[in-house]
Asker: 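Take this structure, written in structure tokens, and hold onto it; I'll ask about it next.
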Number of protein chains: 2
Amino acid sequence: MGKQMTEMLKGTLEGIVLALLTGKPAYGYEITTLLRARGFSDIAEGTVYALLVRIEQKGLVDVEKRPSEKGPPRKVYTLNAQGEKELDEFWNTWSFLSERLEQLRKGGK
Amino acid sequence: MGKQMTEMLKGTLEGIVLALLTGKPAYGYEITTLLRARGFSDIAEGTVYALLVRIEQKGLVDVEKRPSEKGPPRKVYTLNAQGEKELDEFWNTWSFLSERLEQLRKGGK
DNA sequence: TTCTACTACTTAGCGCTACTATGTACTAGT
DNA sequence: ACTAGTACATAGTAGCGCTAAGTAGTAGAA
């Protein structure tokens with residue numbers, strides 16, 4: 001992964017994962033796969049698990065352990081009310097930053 | 001500054017400053033002012049100066065010291081060829097991230 | 001004269017987040 | 001027995017923005 005992308009993901013990766021979780025609960029390994037499918041092909045597994053621990057401790061998700069047919073039990077994460085609120089704020093922050101940057105890119109004002 | 005914004009600025013603030021420098025050299029204090037005028041009202045002075053030291057050491061800018069009528073001498077930063085290249089890569093990285101996020105926001109695929 | 005305010009730059013220490021590397025554990029196929 | 005895929009966990013590292021405090025120069029108010 002490029003160093004630039006690594007730095008840029010700080011702060012956004014959490015929002016990305018919360019967004020992935022809206023409407024459809026998922027477990028860690030699955031989330032890693034989803035991220036890779038969306039183009040974040042070099043996201044490290046460890047990064048995702050650490051992030052999941054973090055958002056669980058912040059109370060943004062509910063967790064349920066379910067057996068898997070193919071390996072160790074899965075930890076399924078579901079976005080809760082607080083998580084949705086956090087995601088809302090994330091989109092606001094993102095919009096702000098995104099607008100300023102597009103303005104800058106167009107040599108704007 | 002919100003904690004979210006602080007984290008999101010990691011990796012992007014450098015690009016923002018390089019973008020501000022395209023075409024028109026500027027000194028630290030001035031850059032801080034420009035950032036604030038563009039909506040980044042809570043950027044800490046120390047953050048900007050530290051960033052400038054960094055991009056100078058990376059060789060992305062040329063520096064010239066000029067006297068000021070109103071205080072200590074100014075350090076004027078000019079984007080050089082390597083800096084322009086870095087800025088190019090920054091926009092590529094940004095575009096990638098931005099596209100994935102807009103796709104996600106629209107509940108897309 | 002002293003004090004305040006603005007200009008202008010510097011730096012040590014902190015917190016947060018993504019990465020590296022490694023390990024554990026379970027299942028299925030060869 | 002061995003390999004590969006599934007699934008999770010975590011100690012240590014590096015990078016970046018922030019906090020806080022400092023230095024230094026000029027000008028105007030008290």
Side-chain angles (χ1 to χ4, degrees), chain A residues 1-18 25-36 40-58 60-61 63-77 86 90 93 97, chain B residues 1-18 25-36 40-58 60-61 63-77 86 90 93 97:
Chain A
M1 179 98 59
K3 213 162 58 59
Q4 261 188 353
M5 182 59 90
T6 291
E7 289 308 321
M8 231 183 263
L9 279 176
K10 292 184 181 177
T12 57
L13 187 57
E14 181 178 309
I16 291 169
V17 169
L18 292 178
Y27 54 97
Y29 191 82
E30 189 184 8
I31 291 170
T32 304
T33 308
L34 287 173
L35 285 170
R36 297 206 166 129
F40 301 102
S41 48
D42 298 318
I43 294 279
E45 252 194 295
T47 298
V48 176
Y49 288 113
L51 188 155
L52 290 172
V53 167
R54 223 166 56 225
I55 64 176
E56 181 185 354
Q57 274 163 0
K58 286 205 237 173
L60 308 180
V61 288
V63 189
E64 190 192 349
K65 195 165 263 182
R66 277 189 224 158
S68 162
E69 325 80 42
K70 288 181 148 190
R74 299 166 173 167
K75 283 179 75 177
V76 178
Y77 295 84
E86 181 80 3
F90 168 77
T93 307
L97 188 59
Chain B
M1 179 97 60
K3 211 164 60 59
Q4 261 188 353
M5 182 58 89
T6 292
E7 289 308 320
M8 228 182 265
L9 279 177
K10 291 184 181 178
T12 58
L13 187 56
E14 181 177 308
I16 291 169
V17 170
L18 292 179
Y27 55 96
Y29 191 82
E30 188 184 8
I31 292 170
T32 304
T33 307
L34 286 172
L35 286 169
R36 297 207 166 128
F40 301 102
S41 46
D42 297 319
I43 295 278
E45 252 195 295
T47 299
V48 176
Y49 287 113
L51 188 155
L52 291 172
V53 167
R54 223 167 56 227
I55 64 177
E56 181 185 355
Q57 274 164 1
K58 285 204 236 173
L60 309 180
V61 287
V63 189
E64 190 194 347
K65 194 165 265 181
R66 277 190 224 160
S68 161
E69 327 79 43
K70 288 179 144 191
R74 298 165 173 166
K75 283 179 74 178
V76 178
Y77 294 84
E86 181 80 3
F90 168 77
T93 307
L97 187 59

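Heavy atoms only: backbone and side chains are in, while hydrogens, waters and symmetry mates are out. For clarity, every value in this text was computed on a predicted model and none was experimentally measured.
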Asker: Give a yes/no on whether any side-chain N or O of Tyr27(B) is located under 4.0 angstrom from OP1 or OP2 of dA8(C).
Answerer: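 Yes.
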Asker: Would you please confirm or rule out a distance under 4.0 Å between OP1 or OP2 of dC16(D) and any side-chain N or O of Arg54(B)?
Answerer: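 True: Arg54(B) side-chain N/O within range (under 4.0 Å) of dC16(D) OP1/OP2.
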Asker: Looking at dT6(D), I'd like to know if its phosphate oxygens (OP1 or OP2) sit under 4.0 Å from a side-chain N or O belonging to Tyr29(A).
Answerer: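 It does, given that an N or O in the side chain of Tyr29(A) lies less than 4.0 Å from OP1 or OP2 of dT6(D).
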Asker: How would you label the contact of Gly28(A) with the nucleic acid (heavy atoms, under 4.0 Å): base, sugar-phosphate, or nothing?
Answerer: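 Sugar-phosphate contact only.
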Asker: For Ile43(A) and Leu9(A), what are the C-alpha separation, side-chain angles and deciding distance, and is it a side-chain contact (heavy atoms from CB on, under 4.5 Å)?
Answerer: CA-CA 10 Å; Ile43(A) 294 279; Leu9(A) 279 176; 3.8 Å; yes
Asker: Respond yes when some side-chain nitrogen or oxygen of Tyr49(A) is under 4.0 Å from OP1 or OP2 of dC8(D), and no when none is.
Answerer: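 The answer is yes; a side-chain N or O of Tyr49(A) sits under 4.0 Å from OP1 or OP2.
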Asker: Quick check for you: to the nearest 0.5 Å, what is the distance between Phe90(B) atom CZ and Leu18(B) atom CG?
Answerer: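 Separation between the atoms: 8.0 Å.
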Asker: Is there a donor on the side chain of Lys10(B) or the base of dC16(C) sitting less than 3.5 Å from an acceptor on the other?
Answerer: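 Looking at the base of dC16(C), it does pair with a donor or acceptor on the side chain of Lys10(B) (distance under 3.5 Å).
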Asker: Which residue, Thr47(B) or Gly71(A), contacts DNA chain C at a nucleotide closer to its 5' end, judged by nearest heavy atom?
Answerer: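 Per heavy-atom nearest nucleotide, the more 5' residue is Thr47(B).
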Asker: Below 4.0 angstrom, N of the basic side chain to O of the carboxylate: do Glu30(B) and Arg74(B) qualify?
Answerer: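 No salt bridge links Glu30(B) with Arg74(B).
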Asker: Write down the distance between NZ (Lys70(B)) and P (dC9(C)), rounded to a whole number of angstrom.
Answerer: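 Lys70(B) atom NZ is separated from dC9(C) atom P by 14 Å.
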Asker: Establish, with yes or no, whether the OP1 or OP2 oxygen of dA18(C) is under 4.0 angstrom from a side-chain nitrogen or oxygen of Lys3(A).
Answerer: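 Lys3(A) to dA18(C) OP1/OP2: no side-chain N or O under 4.0 Å.
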Asker: Return the 5'-most residue of the pair Ser68(A), Ala50(A) with respect to DNA chain C, ranking by each residue's nearest nucleotide.
Answerer: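 It is Ala50(A) whose nearest nucleotide is closer to the 5' end.
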Asker: Would you mind classifying the nucleic acid contact of Glu45(B) as base, sugar-phosphate or nothing, using non-hydrogen atoms under 4.0 angstrom?
Answerer: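 Answer is base: heavy atoms of Glu45(B) come under 4.0 Å of a base.
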Asker: What's the NZ-P distance between Lys75(B) and dG25(D), to the nearest Å?
Answerer: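 Those two atoms, NZ and P, are 16 Å apart.
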Asker: Assign Leu13(B) to base, sugar-phosphate, or nothing according to its heavy-atom contacts below 4.0 angstrom with the strands shown.
Answerer: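 Here Leu13(B) touches the backbone only, sparing every base.
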Asker: Within a 6.0 Å radius of atom NZ on Lys70(A), are there more than 12 heavy atoms belonging to other residues, nucleotides or ligands?
Answerer: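 It does not: Lys70(A) NZ has 12 such atoms or fewer within range.
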Asker: By nearest nucleotide on DNA chain D, pick out whichever of Glu7(A) and Lys65(A) is the more 5' one.
Answerer: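 Taking each residue's closest nucleotide, the earlier one in sequence belongs to Lys65(A).
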Asker: Which atoms form the tightest heavy-atom contact between Pro25(B) and Val76(B), and what is the distance?
Answerer: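 Smallest interatomic distance, heavy atoms only, reads CB-CG1, 3.8 Å.
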Asker: Between P on dT10(C) and CZ on Arg74(B), what's the gap in Å once rounded to a whole number?
Answerer: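 One finds 14 Å between P of dT10(C) and CZ of Arg74(B), rounded.
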Asker: Compare the minimum distances between each of dG17(D), dT6(D), dC18(D) and the side chain of Pro72(A), then state the nucleotide with the smallest one.
Answerer: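 When the side chain of Pro72(A) is considered, dT6(D) is the closest of dG17(D), dT6(D), dC18(D).
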Asker: What integer distance in Å separates Leu51(B):CG from dT19(D):P?
Answerer: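 Going from CG in Leu51(B) over to P in dT19(D) covers 16 Å.
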